2 protein chains.
Amino acid sequence: METIERKPRSREQARSGIIKTAKAIARQEGWQAVSIRKIADAIEYSAPIVYEYFDSKDILLDEIRNEGFRHLYQEYERILKLYRDPEKRLYEISLVQWEFARQQPEIYQVMYNMDGAFCTIPVYQSETMQEVSRLVREAIFSFIPKADESIRRLHFQWLSVSHGTIMLAMLLKDEQSLDQSEQIYRETMRRFVRELR
Amino acid sequence: METIERKPRSREQARSGIIKTAKAIARQEGWQAVSIRKIADAIEYSAPIVYEYFDSKDILLDEIRNEGFRHLYQEYERILKLYRDPEKRLYEISLVQWEFARQQPEIYQVMYNMDGAFCTIPVYQSETMQEVSRLVREAIFSFIPKADESIRRLHFQWLSVSHGTIMLAMLLKDEQSLDQSEQIYRETMRRFVRELR
DNA sequence: TCGGGTGATTTAACACCGTTAACTGACCAC
DNA sequence: GTGGTCAGTTAACGGTGTTAAATCACCCGA
């Protein structure tokens with residue numbers, strides 16, 4: 001009878017083991033090197049077992065992507081609780097995104113289909129991404145209470161600048177050190193939030 | 001004896017045919033669908049023939065990428081000849097980049113490894129990309145004659161904002177129409193160049 | 001104890017991929 | 001005719017995502 005209780009748990013362990021392994025391979029060898037068979041080898045199973053937990057590689061990538069957005073959501077929420085000043089809020093949220101991209105680049109890559117990571121499921125269909133967007137829009141609204149359309153535009157601009165800088169920093173990291181890029185990023189985002197006033 | 005003259009020409013034709021076919025497939029089915037065999041079928045040759053012209057798929061992609069940067073270079077040069085006002089120059093250059101991304105998305109995608117396009121050759125090692133960067137930096141310098149390091153930073157910022165917005169517009173094009181995004185892009189770039197004063 | 005069923009896991013296969021080696025066949029010079 | 005060169009082919013290798021079929025251990029009723 002204990003099997004009934006142990007099975008679901010070990011099933012959850014296997015599932016998270018697959019995700020963990022995929023991320024580990026991606027971190028070390030890049031997303032292009034991540035294959036179902038390689039994951040299966042690492043968790044000491046045969047390839048079809050992976051399909052017991054994820055219907056396709058695409059769905060596995062989507063899951064990791066959503067994990068990333070959930071993480072971002074929690075961090076953003078933390079910031080919003082911590083600070084009341086809207087300018088400070090938006091700036092700190094920006095810094096969180098930088099830190100996240102820097103510390104877990106493989107997740108950030110799959111979130112935005114960068115660096116060989118490619119998930120065919122459209123990112124904007126992700127519920128978690130929508131929720132993150134909503135949170136940031138609220139933060140902007142508490143700054144400048146304008147109509148929805150204006151907030152949408154500002155959010156689009158914020159994400160363009162933030163993600164654009166992060167993406168370019170990752171692309172050129174061998175030419176321009178990440179510390180240098182971070183300096184520019186902080187300056188850029190500081191200016192962005194300042195100009196919202 | 002005419003073979004000596006015809007061969008190189010038809011060779012050049014075959015070469016450009018491969019590039020043309022690769023772009024056509026990418027445009028219709030996405031870069032993920034571009035395979036050597038599919039290209040070979042389209043030009044009615046067998047797969048190994050492609051390797052007579054390109055040592056690897058990576059090098060083929062790199063070639064298309066460089067073609068894109070050369071095109072951008074010529075367009076930028078045209079703008080620089082056309083206008084003398086530095087602010088106008090930089091703004092028009094930005095618009096050219098938007099137009100290019102919009103009209104030849106498959107080339108833009110491979111230039112920045114977006115949307116399933118993946119070329120392992122680092123983009124910053126491309127001579128043509130460096131030249132485009134140099135040109136834009138000159139345009140910025142003619143605007144604000146500062147030290148090299150400052151110009152580098154400004155160029156990095158310009159590319160972050162410009163490419164960041166373009167990339168996000170392409171990513172969300174089913175959610176937010178490209179016309180809407182273009183409006184925001186123009187406004188963003190206009191503000192960027194204005195703030196350089 | 002036997003047989004049957006069940007569920008987890010594996011092997012085998014399919015159709016594709018990039019890439020390379022070996023082969024074919026046509027032409028041209030001697 | 002024979003040898004050589006060159007364009008182009010087929011065949012193969014090891015890899016990919018994915019699925020169907022086979023295996024194998026286990027438990028349960030007869």
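Not measured: the values here are computed from a predicted model. To find a chain, count down the sequence lines: A is the first, B the second, and so on, and within it residues start at 1.
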Which nucleotide in the set dT19(C), dT9(C), dT16(D) lies at the smallest distance from any side-chain heavy atom of Lys38(A)? dT16(D)

Protein-nucleotide distance (Ile39(B), atom CD1; dC17(C), atom P), rounded to Å: 10 Å

Ile36(A) CD1 to dT10(C) C1', straight-line distance once rounded to whole Å: 16 Å

Steps toward side-chain hydrogen bond (donor to acceptor under 3.5 Å, both in side chains) verdict (Ser162(A), Tyr185(A)): CA-CA 8 Å; Ser162(A) 174; Tyr185(A) 179 79; 2.8 Å; yes

Mapping Glu44(A) and Pro48(B) to their closest nucleotides on DNA chain C, which lands nearer the 5' end? Glu44(A)

For the pair made of CD1 in Ile49(B) and C1' in dA7(D), what is the distance, rounded to whole Å? 6 Å

Is it the case that the base of dG18(C) and the side chain of Arg37(B) share a donor-acceptor contact (distance under 3.5 Å, atom types as modelled)? yes

Can you measure Leu61(A) atom CG to dG17(D) atom C1' for me and round it to whole angstrom units? 12 Å

Length of the CD1-P vector between Ile59(A) and dT18(D), whole Å: 9 Å

From the list dT9(C), dT19(C), dA20(D), which nucleotide is the closest neighbour of the side chain of Lys57(B)? dT19(C)

If we ignore angles and hydrogens, is there a donor and acceptor under 3.5 Å between the side chains of Trp158(B) and Ser94(B)? yes

Looking at Arg194(A) and Glu87(A), is there a salt bridge between them, counting it only when a charged N and a carboxylate O are closer than 4.0 Å? no

Calculate the interatomic distance between Trp31(A) atom CH2 and dT16(D) atom C1'; express it in whole Å. 16 Å

Stepwise ring pair (Phe, Tyr, Trp, His ring centres under 6.0 Å) test for Phe69(B) and Tyr73(B): CA-CA 6 Å; Phe69(B) 282 118; Tyr73(B) 187 89; over 10 Å; no

Nearest to the side chain of Ser46(A), which nucleotide is it out of dT10(C), dG8(D), dT19(C)? dT10(C)

Nearest-Å distance, CZ (Phe118(A)) to C1' (dT16(D))? 16 Å

Looking at the side chain of Tyr51(B), which of dT16(D), dT9(C), dG18(C) is the nearest nucleotide? dG18(C)

NA contact type, Val50(A), heavy-atom cut-off 4.0 Å: base, sugar-phosphate, or nothing? nothing

Whole angstroms only, please: what is the CD-P distance between Gln13(A) and dA8(C)? 16 Å

Parallel, tilted or perpendicular, as decided by the 30° and 60° cut-offs, for the rings of Phe100(A) and Tyr108(A): perpendicular

Looking for any heavy atom pair under 4.0 Å, which part of the strands does Glu52(A) touch: base, sugar-phosphate only, or nothing? base

